[in-house]
Amino acid sequence: MGGSKSKAIKKHAKVAFADSELDILEVYFELLKCHDSLNGYLTQKSMVPEFPENPDFSIKLYNWMRERCKNQQIDYTNFVITLELLLKEQQEYYLSDYKFRVLEKFELFALISLGCLENEKEAINRFQVSYSQGSTVIKELLNVYYFNKEVTNSQRNDLAARSVANSIFDQKASLPFNQFIGLAKQQLIYANKMCKQYFTKKFIDPHFKYGIPALTSSSFILNDQILALLQMSSPDFNRIKQLDLKFSSSVGYDDLEHITEIIIESQQPLLFIFRNREDETQNDTFQQQVFGAYISIDQTIETHFVRKQQKDPMGILYNPNDLVSLYFGDEKSFLFSLLPKFQLFMSTFDIKSKQCFGYINSRAFNLKVPQPYGLGFGGDGKGNFRIWIDENLKGNATNRINNSCDQTYEMGYILEPHIEFLNLTSIEIWGAIFEEKETRPSNPTKFRS
């Protein structure tokens with residue numbers, strides 16, 4: 001270890017950082033001083049250039065670090081002491097000695113984002129988080145995926161954070177800090193992991209890789225914040241490297257035919273996104289509803305009758321006389337709402353689950369079965385779907401949301417409680433490509449009547 005400042009720290013105290021990490025931190029500290037310093041101490045301006053994705057957060061981080069310092073000045077020693085809280089696990093702490101050191105990384109991130117400088121656990125828990133403050137915490141958390149890229153502030157970029165805040169606060173003006181954190185972690189299950197990765201990449205390992213899925217085409221619905229939101233919330237979505245646009249439409253009469261072909265031929269999970277408008281007078285983006293389904297597809301297990309036929313036209317691996325199932329997908333599937341509230345409805349794993357993840361039936365299948373023609377998600381397997389899109393998508397009064405009966409996914413309102421019938425204005429379908437292995441190309445052969 002070559003840094004004299006790092007040697008001085010190790011000479012007088014045990015530290016949680018390895019020698020190589022201390023060397024990196026010492027170089028990083030000198031870089032921050034080059035941006036701006038006062039008598040060898042860091043200033044607010046020292047941090048800002050290193051946080052283009054979160055400039056306001058960098059100032060709050062400086063204030064938080066400064067408050068942790070005994071002399072209210074950030075020299076190299078104090079820099080290392082405070083970063084120990086952000087970068088190391090609780091059992092590794094040596095230098096930090098604060099009563100709130102047991103807080104998880106997302107809690108620390110939120111305290112910084114909120115500008116809360118309290119040191120006592122009880123005072124922190126009593127700290128009131130307003131709706132506006134909570135939205136800012138979520139927005140700055142989602143911005144970490146931009147790492148070292150400037151984020152353009154816009155209403156569209158705020159939608160994802162607002163949708164999470166709408167779900168957390170549920171029309172309340174404010175919440176106690178611990179309640180806010182608990183509800184946020186229910187929605188964003190990877191928040192702690194993401195904060196740890198963000199601080200690690202920022203201060204220790206700039207080559208550490210994380211990111212959101214790349215889109216093969218532009219989207220009228222998806223943006224980086226929404227992708228970050230989905231990735232921070234779902235185990236399966238967390239592994240996606242790329243989303244390949246399969247279908248995009250402003251809703252037409254023959255859309256189901258194209259959607260059917262995509263579902264039957266796909267060898268990869270599919271992300272369905274729907275935009276709904278209660279009436280044609282709603283032009284405000286915030287008044288529109290966006291919801292959808294992520295249907296995981298296991299290539300080794302087929303349940304849909306026509307997909308089985310595609311793979312095994314001779315009927316060797318299955319009995320053509322079996323009961324016809326028109327359901328597809330597996331237990332990694334989930335439903336979600338993006339606007340106006342962000343919510344995930346995971347598949348249930350109890351013995352009562354009907355496993356009706358996704359459903360597709362078309363007249364082109366030419367199956368003599370008394371089952372409806374259309375696209376469905378969830379339900380009880382008896383024709384009662386959680387989401388139902390009729391074969392005639394455009395202007396069809398039978399397109400609906402059923403919030404009262406689902407034995408496949410977790411219960412809850414996908415849209416507002418009063419909404420039952422759907423007036424879809426756009427649909428997008430994306431194929432998910434995972435990083436760890438190549439996805440086999442789709443079978444070019446169309447299903448035949």
Side-chain angles (χ1 to χ4, degrees), residues 213-222 227 230 236-237 240-275 290-313 325-330 332-336 356-367 371-378 385 387-394 396 399 422 424-434 438-449:
L215 301 180
T216 59
S217 182
S218 59
S219 171
F220 292 108
I221 301 175
L222 295 176
L227 290 171
L230 289 170
D236 214 40
F237 205 90
I240 296 175
K241 175 185 178 182
Q242 187 180 71
L243 288 171
D244 181 26
L245 184 63
K246 301 291 186 182
F247 180 83
S248 179
S249 171
S250 55
V251 183
Y253 291 104
D254 60 348
D255 281 354
L256 188 70
E257 179 182 340
H258 301 301
I259 293 173
T260 300
E261 291 182 0
I262 292 167
I263 292 173
I264 295 304
E265 296 171 8
S266 179
Q267 303 302 315
Q268 56 196 187
L270 294 172
L271 178 68
F272 298 81
I273 303 179
F274 307 98
R275 178 183 284 161
V290 177
F291 65 99
Y294 172 81
I295 303 299
S296 173
I297 295 177
D298 187 338
Q299 298 181 36
T300 64
I301 303 173
E302 288 293 357
T303 56
H304 194 281
F305 187 79
V306 179
R307 284 178 59 90
K308 285 181 178 180
Q309 284 185 320
Q310 285 283 89
K311 287 189 172 181
D312 184 21
S325 171
L326 298 174
Y327 291 93
F328 64 101
D330 63 35
K332 296 177 184 176
S333 306
F334 60 87
L335 306 180
F336 59 86
C356 305
F357 306 110
Y359 170 98
I360 188 70
N361 189 16
S362 168
R363 295 182 187 276
F365 293 165
N366 199 26
L367 298 174
Q371 299 189 46
Y373 298 113
L375 173 67
F377 303 97
F385 299 93
I387 300 172
W388 175 250
I389 313 297
D390 196 79
E391 62 174 336
N392 299 316
L393 277 75
K394 190 174 180 64
N396 194 310
N399 298 336
L422 300 173
L424 300 180
T425 59
S426 58
I427 301 172
E428 291 182 1
I429 302 176
W430 299 80
I433 300 173
F434 294 119
E438 293 288 333
T439 304
R440 290 189 302 175
S442 300
N443 186 347
T445 305
K446 306 289 187 186
F447 65 84
R448 293 179 173 83
S449 304

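For clarity, every value in this text was computed on a predicted model and none was experimentally measured.
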Next on the checklist: Donor-acceptor pair, distance only, cut-off 3.5 Å: does the side chain of Thr425 make one with the backbone of Arg275?
Outcome noted: yes
Checklist entry - Hey, does Ile429 have a side-chain heavy atom less than 4.5 Å from the side chain of Leu271? => result no
Item to check | Approximate separation, where rounding is to 0.5 Å, of Leu245 CG and Trp430 CH2 | outcome: 4.5 Å
Checklist entry - Would Ile427 and Val251 count as a side-chain contact (heavy atoms from CB on, under 4.5 Å) if you check the C-alpha gap in whole Å, the side-chain angles of each, and the deciding distance to 0.1 Å? => result CA-CA 7 Å; Ile427 301 172; Val251 183; 4.1 Å; yes
Checklist entry - For Gln268 and Ile433, which heavy atoms make the closest approach, and how far apart are they? => result NE2-CG1, 3.7 Å
Checklist entry - Which atoms form the tightest heavy-atom contact between Ala293 and Phe336, and what is the distance? => result N-CE2, 3.3 Å
Checklist entry - Are Ser219 and Glu428 close enough that a side-chain donor and a side-chain acceptor fall under 3.5 Å? => result yes
Next on the checklist: Could you tell me if the side chain of Ile264 sits less than 4.5 Å from the side chain of Phe328, heavy atoms only?
Outcome noted: no
Item to check | Considering all heavy atoms, the nearest Leu243-Pro213 contact | outcome: CG-CB, 4.1 Å
Checklist entry - Can you find a pair of side-chain heavy atoms, one from Ile387 and one from Phe272, that are under 4.5 Å apart? => result no
Next on the checklist: Between Tyr359 (side chain only) and Phe385 (backbone N and O only), is there a donor and an acceptor less than 3.5 Å apart?
Outcome noted: no
Checklist outcome for this item: Closest non-hydrogen atoms of Phe247 and His258, given as atom of the first, atom of the second and distance, are CE1-CB, 3.7 Å
Checklist entry - Nearest 0.5 Å, what's the CG-CG distance between Leu215 and Asp244? => result 10.0 Å
Checklist entry - For Asp390, does its backbone N or O pair with a side-chain atom of Asn399 as donor and acceptor, under 3.5 Å? => result yes
Checklist entry - CH2/Trp388 to CZ/Phe377 distance, rounded to the nearest 0.5 angstrom? => result 10.5 Å
Next on the checklist: Give me the atom names and distance for the closest heavy-atom approach of Gln371 to Leu326.
Outcome noted: OE1-CD1, 3.6 Å
Checklist entry - So Ile295 and Ile263, side-chain contact (heavy atoms from CB on, under 4.5 Å) or not? Walk me through it. => result CA-CA 10 Å; Ile295 303 299; Ile263 292 173; over 6 Å; no
Checklist entry - Ser333 and Phe357: which non-hydrogen atoms are nearest, and at how many Å? => result OG-CB, 4.0 Å
Checklist entry - Do the rings of Phe334 and Phe237 sit parallel, tilted or perpendicular, given the 30° and 60° boundaries? => result perpendicular
Checklist entry - Going from CG on Leu256 to CD on Glu261, what distance comes out if it is rounded to the nearest 0.5 angstrom? => result 10.5 Å
Item to check | Nearest-0.5 Å distance, CD1 of residue Ile273 to CZ of residue Phe220 | outcome: 13.0 Å
Next on the checklist: Return the CD to CG distance between Glu391 and Leu375, rounded to the nearest 0.5 Å.
Outcome noted: 12.0 Å
Checklist entry - Stepwise, does the side-chain contact (heavy atoms from CB on, under 4.5 Å) test hold for Phe274 with Ile221? => result CA-CA 9 Å; Phe274 307 98; Ile221 301 175; over 6 Å; no
Checklist entry - Can you list the steps and then say if Asn392 with Tyr373 is a side-chain contact (heavy atoms from CB on, under 4.5 Å)? => result CA-CA 9 Å; Asn392 299 316; Tyr373 298 113; over 6 Å; no
